[in-house]
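Values reported hereafter were calculated over all heavy atoms of this structure, with side chains retained and with hydrogens, waters and symmetry mates removed. Chain letters run A, B, ... following the sequence lines, proteins first, then strands; residues in each count from 1.
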There are 2 protein chains.
Amino acid sequence: MSAVDCPVRDVLDRIGDKWSTLILGTLAAGPHRFSAVQRTVPDISKRMLTQTFRDLERDGLVARTVFPTKPPSVEYRLTPLGQTILEPLDVLVRWADRSQADIEAARQAFDTAS
Amino acid sequence: MSAVDCPVRDVLDRIGDKWSTLILGTLAAGPHRFSAVQRTVPDISKRMLTQTFRDLERDGLVARTVFPTKPPSVEYRLTPLGQTILEPLDVLVRWADRSQADIEAARQAFDTAS
DNA sequence: CTGCATCCCCACGGATACTG
DNA sequence: CAGTATCCGTGGGGATGCAG
């Protein structure tokens, strides 16, 4: 399809997926270990956490560091590139907060009208 | 789950879905008829176009006007609220464009390293 | 503690055909 | 032209168990 090679599509897919933004938001506060993120985002499964981390790492937004302790621990943190996405994300979040009431009102109007 | 009542989640889901942003982008240039949007976004099916329009309308981002011509024609246009989402969207698009090369490089590095 | 593999279900979305 | 209804395949993602 025509959108396959669109760079915006990649970003939208990542932003829009269920967990990426929550993880990025968590890491925005500083580096976290695997299990720390899992505690902060309680509903995510190990499987999806691993997979989302890998996607974020592959895109260069998150860096992964293994500490050869026993048992091993792994730390994830935002890369410089990852830091830069926080601002566009924040713009979106602020829009959502600002528009929340309007959207809710529109929905109720739409639902009662139908 | 804990994120169900999060207003940001609603927005992210809409932004992240396959067609909404393309439609919003089309309507940003002005009102369009159903088939006009379908021509601009070639890969979308009638089914998904209708459904996405309804979602956008329900959230108050898009307004739908039926002209009782024969055969009937329907026009879609951004609402004032819909206009306001263009800017956050644009911030995201500009980030995507700016970071495209970095992301691509990170992916290639990641893929060859594995 | 971290992460991979397997199984499995169900919602998303495409194709097609039909109505006003 | 615009929208609806039905069918159906694919894959996202949850649960669980095993490995390093």
Which one, [options], comes nearest to the side chain of [X]?
X	options	result
B:K18	D:dT4, D:dA2, C:dG14	C:dG14
B:S45	D:dG14, C:dC1, C:dG14	C:dG14
B:R64	D:dG3, C:dG13, C:dC1	D:dG3
A:R54	C:dG14, C:dC4, C:dT2	C:dC4

With heavy atoms under 4.0 Å as the rule, sort [X] into base, sugar-phosphate or nothing.
X	value
A:R47	base
B:Y76	sugar-phosphate
B:K46	base

Requested in this report: Could you verify whether a donor N or O on one side chain and an acceptor N or O on the other, from A:D17 and A:S20, lie under 3.5 Å apart?
Outcome: yes
Nearest-angstrom distance from the residue atom [atom1] of [X] to [atom2] of [N]:
X	N	atom1	atom2	answer
B:F53	D:dG3	CZ	C1'	12 Å
A:M48	C:dA5	CE	P	15 Å
A:D17	D:dG11	CG	C1'	14 Å
B:L49	D:dC1	CG	C1'	12 Å
A:E75	C:dC1	CD	P	17 Å
B:K70	D:dC1	NZ	P	13 Å
A:R33	C:dG3	CZ	P	10 Å
A:D43	D:dG14	CG	P	9 Å

Query raised in the report: Does B:S35 put a side-chain nitrogen or oxygen below 4.0 Å from OP1 or OP2 of D:dA2?
Result: yes
Would you call [X] and [Y] a salt bridge, taking side-chain N to carboxylate O under 4.0 Å as the test?
X	Y	answer
A:R14	A:D10	no
B:D43	B:K18	no
B:R54	B:D59	no

Requested in this report: Would you mind telling me which residue lines up with the more 5' stretch of DNA chain D, A:I44 or A:P72, judged by nearest nucleotide?
Outcome: A:I44
Report task. Over 60° means perpendicular and under 30° means parallel, so classify the ring planes of A:F34 and A:Y76, tilted if in between. Result -> tilted
